Number of protein chains: 2
Amino acid sequence: MLESPASSTEHREPAITRQNVTAKPIDAHEPWMRGLHADTGYLLYRLGLRSGQLFNSCLQESGLRLRHYAVLRYLATTDGTPQRELSARLGYDPSAIVGLVDDLEKLGFAERRPSPDDRRSRIVVLTESGSDFLRDTDEAGLRVTGELLGPLDPAERETLHALLLRIAEDGLN
Amino acid sequence: MLESPASSTEHREPAITRQNVTAKPIDAHEPWMRGLHADTGYLLYRLGLRSGQLFNSCLQESGLRLRHYAVLRYLATTDGTPQRELSARLGYDPSAIVGLVDDLEKLGFAERRPSPDDRRSRIVVLTESGSDFLRDTDEAGLRVTGELLGPLDPAERETLHALLLRIAEDGLN
DNA sequence: AGCAATAATTGTTGTCGTCAATAGTTGTTG
DNA sequence: CAACAACTATTGACGACAACAATTATTGCT
């Protein structure tokens with residue numbers, strides 16, 4: 001499990017050599033930038049991708065990925081959650097949840113416990129080390145976010161967060 | 001709402017209809033929501049995912065996906081682009097570009113032309129129908145964006161767009 | 001008791017990104 | 001000017017992952 005970080009950590013060198021493109025500063029005033037990023041939806045998609053990559057590369061050293069992290073954070077808020085609820089709330093397929101919880105269990109971050117009410121249901125709970133891990137990586141997450149939100153000052157970050165949150169709660173999930 | 005991904009090959013059913021799940025109102029004041037969406041980076045990731053899905057489901061009827069759209073929009077801004085530039089600027093692997101341009105060529109939206117300077121290079125240009133298609137889908141894109149940004153008024157959308165753009169130009173690409 | 005619905009799980013399929021290898025072409029250099 | 005290194009587009013292979021269908025065990029209904 002978890003092998004080969006391999007690739008995209010330091011993905012900043014597209015082999016600039018000779019007549020290559022003049023390593024450009026790239027600002028939004030160039031026409032191609034406006035053409036590409038004129039639409040907020042597409043912009044969101046692009047940034048979401050980058051954010052996910054950053055998060056993943058940060059979690060990679062721990063052997064898990066963004067989804068695992070999402071599950072962990074959800075578990076941290078409810079303490080005792082049947083898998084079907086994880087599936088419904090996080091929007092992942094039930095079959096995906098199986099593998100995710102398997103991994104978390106293998107690492108000792110969570111464990112399945114039988115439900116007292118329903119014997120088909122398995123309740124997933126966060127363990128001690130899972131909670132610890134969450135606390136540790138939380139800091140790393142903030143660091144990533146800080147890196148991502150580079151040019152924004154605190155007030156602007158607050159604004160952005162509030163706006164995104166409004167959108168998020170609209171569409172649920 | 002739009003909770004279930006549901007979309008794949010043929011059926012694209014945004015399905016605001018079916019309310020099979022016990023739809024909880026879900027607002028950001030619930031503790032689990034704060035726990036999950038406390039971090040701006042993760043929030044961005046999540047919304048980017050949703051935005052991408054929306055875009056894809058919108059383009060699906062045309063037979064292409066978001067990447068094709070990205071290529072088309074880039075082509076629209078430069079008119080005549082070697083494939084290696086597409087690869088570098090959009091962040092896709094050169095081998096991915098091959099398939100994408102193949103599809104676009106097959107649909108008549110773009111075509112490869114030999115480069116006068118370098119016989120190994122192929123210049124991709126946007127055709128008439130490609131430009132038309134772009135204009136048509138641009139409207140659809142705006143509709144999607146509008147749907148996505150539902151609860152925000154025009155001023156807020158402007159603010160959001162500006163903030164996202166600042167982040168985007170920072171990290172290049 | 002019978003029967004539909006549900007929870008977790010397995011297996012399959014198609015898509016996608018990454019990496020390695022190849023053919024044709026260019027530029028450099030000894 | 002001839003050999004070599006670098007580069008462009010392309011192909012093929014491999015692994016990761018999401019979406020569906022099918023299975024097993026259990027529950028609720030009537």
Side-chain angles (χ1 to χ4, degrees), chain A residues 1-11 14-21 49-50 52-53 56-57 59-60 63-68 70-71 81-103 105 111-124, chain B residues 3-13 15 20-22 49-50 52-53 56-57 60 63-68 70-71 81-88 90-103 105 111-124:
Chain A
M1 47 272 321
L2 9 354
E3 60 287 78
S4 105
S7 51
S8 57
T9 35
E10 203 81 12
H11 191 103
I16 293 178
T17 54
R18 320 195 115 263
Q19 54 150 340
N20 199 353
V21 271
L49 228 76
R50 260 185 33 207
Q53 287 174 352
N56 266 329
S57 67
L59 264 60
Q60 211 161 12
L64 2 84
R65 324 207 166 187
L66 229 160
R67 297 160 192 234
H68 301 108
V71 172
T81 306
Q83 298 185 193
R84 76 168 192 294
E85 185 177 340
L86 288 174
S87 168
R89 280 290 162 73
L90 294 167
Y92 300 146
D93 195 85
S95 56
I97 302 289
V98 176
L100 260 48
V101 178
D102 281 352
D103 296 342
E105 223 172 15
E111 61 180 25
R112 290 176 227 241
R113 300 178 54 184
S115 166
D117 307 334
D118 192 336
R119 270 190 305 179
R120 340 172 245 190
S121 181
R122 310 279 177 111
I123 307 262
V124 187
Chain B
E3 80 303 330
S4 152
S7 66
S8 81
T9 37
E10 310 167 2
H11 280 66
R12 180 196 77 262
E13 190 94 31
N20 46 6
V21 283
T22 63
L49 227 74
R50 259 182 39 203
Q53 288 174 351
N56 265 328
S57 67
Q60 211 162 10
L64 5 81
R65 330 218 161 176
L66 228 160
R67 294 198 216 91
H68 300 107
V71 172
T81 306
Q83 298 185 193
R84 68 158 195 30
E85 184 177 340
L86 288 174
S87 169
L90 294 164
Y92 300 145
D93 196 85
S95 56
I97 302 290
V98 176
L100 289 171
V101 179
D102 280 352
D103 295 342
E105 223 173 14
E111 61 179 26
R112 288 176 229 242
R113 300 178 55 184
S115 167
D117 305 335
D118 193 335
R119 269 191 304 179
R120 342 171 243 192
S121 181
R122 310 278 177 108
I123 308 260
V124 187

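All values reported here derive from a predicted model rather than from experimental measurement.
For A:Ser87, the side-chain contact (heavy atoms from CB on, under 4.5 Å) partners at least two apart in sequence or on another chain are A:Pro94, A:Ile97. Residues satisfying the side-chain contact (heavy atoms from CB on, under 4.5 Å) criterion with B:Ser95, sequence neighbours excluded, are B:Asp93. Every residue two or more places apart in sequence or in another chain that forms a salt bridge (charged side-chain N to carboxylate O under 4.0 Å, His left out) with B:Arg112 is listed here: B:Asp102, B:Glu105. Under the side-chain hydrogen bond (donor to acceptor under 3.5 Å, both in side chains) criterion, A:Ser121 pairs with no residue at all, not counting sequence neighbours. Partners of B:Arg113 according to the side-chain contact (heavy atoms from CB on, under 4.5 Å) rule, which considers only residues two or more places apart in sequence or in another chain, are B:Glu111, B:Val125.
Residue A:Arg119 places no side-chain N or O under 4.0 Å from the OP1 or OP2 atom of D:dA25. Phosphate proximity of C:dC16 to B:Arg65: present, with a side-chain N or O under 4.0 Å from OP1 or OP2.
A straight line from CG of B:Asp117 to C1' of C:dG27 spans 14 Å, rounded to a whole angstrom. Atom CG in B:Leu90 sits about 17 Å away from atom C1' in C:dT18, given to the nearest Å. Distance, B:Glu105 CD to D:dT10 C1': 13 Å, rounded to whole Å. Atom CG in B:Leu64 sits about 16 Å away from atom C1' in C:dT15, given to the nearest Å. Residue B:Asn56 contributes atom CG, which lies 12 Å from atom C1' of C:dC16 at whole-angstrom precision. Distance B:Leu66 CG to C:dT15 P: 17 Å, rounded to the nearest Å. When the P atom of C:dG17 is taken as reference, atom CD of A:Gln53 falls 10 Å away, rounded to whole Å.
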* Asked: How does each nucleotide of nucleotides 2-10 of chain C score, in 5' to 3' order, for protein heavy atoms under 4.0 Å: base (B), sugar-phosphate only (S), or none (-)?
  -> ---BBSSBB

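Between B:Thr81 and B:Ile123, the closest heavy-atom pair is N-CG2, 3.5 Å.
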